[in-house]
Amino acid sequence: MNKEQNVQEDNRMVAGSSWMSFGSLFSRILGAVYIIPWMIWMGTPEQADAAHALYQIAYTPYAFFLAFATAGVPSAISKQISHFNAIQEYEISKKIYKQGLFLMAITGIASALLLYFLAPSIAESSAIANKDSGIFVIRSLVPALLIIPSLSVVRGVFQGHNRMREPALSQVLEQLARVIFILGTAYIIRQLMHGEVVTAVAFSTFAAFIGAVFAIGYLLIRMKQIPTALNREFEESKNQVFVSTPDLLKDIIKTSIPFVIMSTGLTIFQMVDQQTFAPLMHLIYPTVSDQSIQISYGIIQANAHKLSTIITSFGSALAITSVPVMSDLIAKKRYRDVSYQFEQAVQLLMFIMIPAVIGMFVVAEPFYTIFYSFNAFGIHVTRIYAVTSLFMGLFLVLGNILQAVNLRRLGIYALGAGILVKLIAQPLFLSLIGESGMLFSTMAGLLVTIFFMFRAMYKNIGFSIPFIFRRVLLILLLALIMGVVTFASSWVLGLFIDYGSRLQALFSMLITGAIGVVVYGYLTLKTRLAESVIGPQAKKFRNKLGIK
């Protein structure tokens with residue numbers, strides 16, 4: 001094992017994860033923050049929860065069809081370009097880009113048509129009181145499906161060159177444009193024109209198209225400014241490998257299909273909830289009204305889910321970054337280093353996500369209140385979602401790594417087993433726990449999937465179980481100490497602060513959040529854990545702070 005090469009790859013993964021985490025985290029935070037004025041402008045708390053439910057009911061099938069059209073492509077394009085760049089076959093990388101755009105044009109049109117024509121049946125079985133409103137809002141997302149597939153190809157090219165900065169900044173730009181459009185149209189429709197809630201929600205979902213236009217424009221400009229395989233001359237390529245256009249298309253499709261299946265995994269779990277929640281609730285609790293079901297669904301799968309995405313953004317960022325690193329190692333047949341990088345990826349994920357989950361669990365009351373106003377049920381499900389997000393992050397990372405190391409089939413089998421458990425557990429948990437039972441059935445399904453993914457990786461690539469166990473145990477211990485300190489701080493502040501007030505809740509969360517960061521940061525630096533996970537940067541920071 002080449003120690004210097006491993007350090008370089010560690011730095012690539014940490015640097016790439018930092019950029020993708022920044023882009024993803026900023027986008028998720030902005031996507032959560034804008035909801036504060038948006039919910040206020042929608043009307044009463046009940047109207048706001050119902051509007052957010054309508055938004056989520058449209059977005060879940062859209063996410064599924066978007067994944068169908070694009071989910072595998074950035075990772076597949078990234079994997080292939082990284083592979084051919086590693087063996088200096090730049091002409092094939094150019095071909096991959098062109099054929100990827102062609103393929104995405106077809107899948108984008110197909111997915112847009114499917115969403116348009118299936119909108120009535122999707123709305124019919126969803127947890128929504130007015131089916132016509134659901135159809136209208138779902139169809140407002142069709143234009144986005146026509147352009148985002150092409151955007152995914154361009155992002156894949158950058159990722160294949162291990163350039164995470166541009167995709168990250170494109171995410172930020174996309175979200176900024178989207179949020180400005182959402183807030184502008186929501187204010188005009190609801191506050192100035194006193195229009196219908198459904199109209200404001202439809203414009204908010206259409207904003208996905210606006211954001212995508214800005215993102216793809218930025219990436220195309222950057223592509224001309226930086227060195228990539230697309231800018232290399234024919235003579236710079238080895239040109240020892242020939243791949244025909246049909247074979248290349250076939251290879252892109254073959255590579256992307258497992259990514260599509262794995263990338264739609266979490267969306268499939270959500271689709272199970274969307275399509276089964278209302279029928280099962282009516283069956284188990286016959287007296288419950290359609291409006292109550294829509295509101296409770298909105299609180300769980302729109303409100304709490306949006307907050308949890310702030311945590312899962314770390315997982316999705318690391319998942320994107322790990323693919324080119326792992327693919328590059330596989331192409332060079334450095335299998336021992338693949339095992340090492342897998343251990344690094346898991347510990348980096350746990351290093352970030354475990355304290356984030358515990359922190360969100362502790363500050364769930366002020367956290368939920370800031371965004372949606374005080375709601376006891378909303379706070380309760382936010383805590384459950386915090387724990388669920390840890391398994392979601394693990395699923396994202398493990399699923400992408402299995403694709404990168406050519407264990408696609410085993411990853412798909414693992415996902416299938418998890419979805420089967422979810423389907424079986426859904427009615428059971430809903431009848432035992434009530435509305436929040438859908439989250440426990442999701443946790444059960446993800447646990448099964450994660451178990452089989454770890455098993456596949458251990459049997460085929462190998463990794464040190466004792467090392468991962470000890471490292472995760474240490475992270476958990478330090479995060480629990482942080483959790484106890486932040487809980488005590490939150491309890492003390494609760495003696496003086498009214499958590500029902502948005503402003504006071506924000507003040508409390510900023511204080512407890514800062515305390516949590518300081519405590520966890522100090523503990524990880526003191527124990528040298530941060531140096532083991534992040535590398536020399538942590539050591540420099542520790543020396544600057546004078547921590548011995």
Side-chain angles (χ1 to χ4, degrees), residues 21-22 24-49 51-52 55-56 172 175-176 178-180 182-184 186-187 190-191 204 298-314 352-353 355-387 389 479 482-521:
S21 292
F22 163 73
S24 186
L25 185 60
F26 181 88
S27 298
R28 300 295 171 88
I29 291 174
L30 189 61
V33 169
Y34 88 82
I35 209 72
I36 297 173
W38 190 86
M39 294 278 278
I40 292 170
W41 294 339
M42 287 302 113
T44 65
E46 290 76 19
Q47 285 178 311
D49 287 335
H52 205 192
Y55 180 95
Q56 188 64 29
V172 172
Q175 189 74 314
L176 272 172
R178 177 175 163 267
V179 166
I180 290 168
I182 287 173
L183 291 180
Y187 183 78
R190 290 292 291 157
Q191 299 298 303
S204 295
I299 290 171
I300 298 169
Q301 289 292 30
N303 297 7
H305 170 73
K306 190 175 285 288
L307 297 179
S308 77
T309 58
I310 295 173
I311 298 178
T312 54
S313 63
F314 295 115
I352 296 169
M353 286 201 69
V357 166
I358 292 174
M360 183 172 169
F361 190 94
V362 171
V363 301
E365 186 173 350
F367 196 35
Y368 188 92
T369 302
I370 291 164
F371 288 95
Y372 307 111
S373 76
F374 181 85
N375 183 297
F377 178 66
I379 293 163
H380 169 67
V381 295
T382 298
R383 290 194 173 108
I384 301 170
Y385 236 127
V387 179
S389 63
M482 176 214 73
V484 170
V485 174
T486 52
F487 176 79
S489 306
S490 182
W491 181 81
V492 170
L493 285 170
L495 300 175
F496 310 98
I497 285 176
D498 176 18
Y499 282 139
S501 162
R502 268 198 170 105
L503 187 60
Q504 293 186 50
L506 175 61
F507 177 71
S508 165
M509 200 184 76
L510 289 174
I511 292 176
T512 52
I515 291 170
V517 169
V518 169
V519 170
Y520 185 70

Criterion side-chain contact (heavy atoms from CB on, under 4.5 Å) on D49 and M39, from CA distance to verdict
CA-CA 8 Å; D49 287 335; M39 294 278 278; 3.5 Å; yes

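- For Q56, the side-chain hydrogen bond (donor to acceptor under 3.5 Å, both in side chains) test picks out T60, with sequence neighbours left out.
- When the side-chain contact (heavy atoms from CB on, under 4.5 Å) test is applied to A51, the partners found at least two apart in sequence or on another chain are W38, M42, V197, V201.
- Taking the side-chain contact (heavy atoms from CB on, under 4.5 Å) definition, one finds that S373 meets it with R502, sequence neighbours left out.
- Atom CD1 of I182 is separated from atom CH2 of W41 by 11.0 Å, given to the nearest 0.5 angstrom.
- Residues satisfying the side-chain contact (heavy atoms from CB on, under 4.5 Å) test with L176, not counting sequence neighbours, are F26, L30, V172.
- For the atom pair OH of Y385 and CD1 of I300, the computed distance is 8.5 Å after rounding to the nearest 0.5 Å.
- Put simply, CD1 on I379 and CD1 on I384 are 12.5 Å apart, with the number rounded to the nearest 0.5 Å.
- Residues passing the ring pair (Phe, Tyr, Trp, His ring centres under 6.0 Å) test with F487: none are found, sequence neighbours excluded.
- Looking at residues two or more places apart in sequence or on another chain, you find a side-chain contact (heavy atoms from CB on, under 4.5 Å) between V519 and M482, V485, I515, L523.
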Enumerate, atom names and distances included, each donor-acceptor pair closer than 3.5 Å involving a side-chain atom of residues 356-371, sequence neighbours excluded.
{"from": "Y368", "atom 1": "OH", "to": "N303", "atom 2": "ND2", "distance (Å)": "2.9"}
{"from": "T369", "atom 1": "OG1", "to": "E365", "atom 2": "O", "distance (Å)": "2.7"}
{"from": "T369", "atom 1": "OG1", "to": "Y499", "atom 2": "O", "distance (Å)": "3.4"}

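- The OG1 atom of T486 sits 13.0 Å away from the CD1 atom of I511 when rounded to the nearest 0.5 Å.
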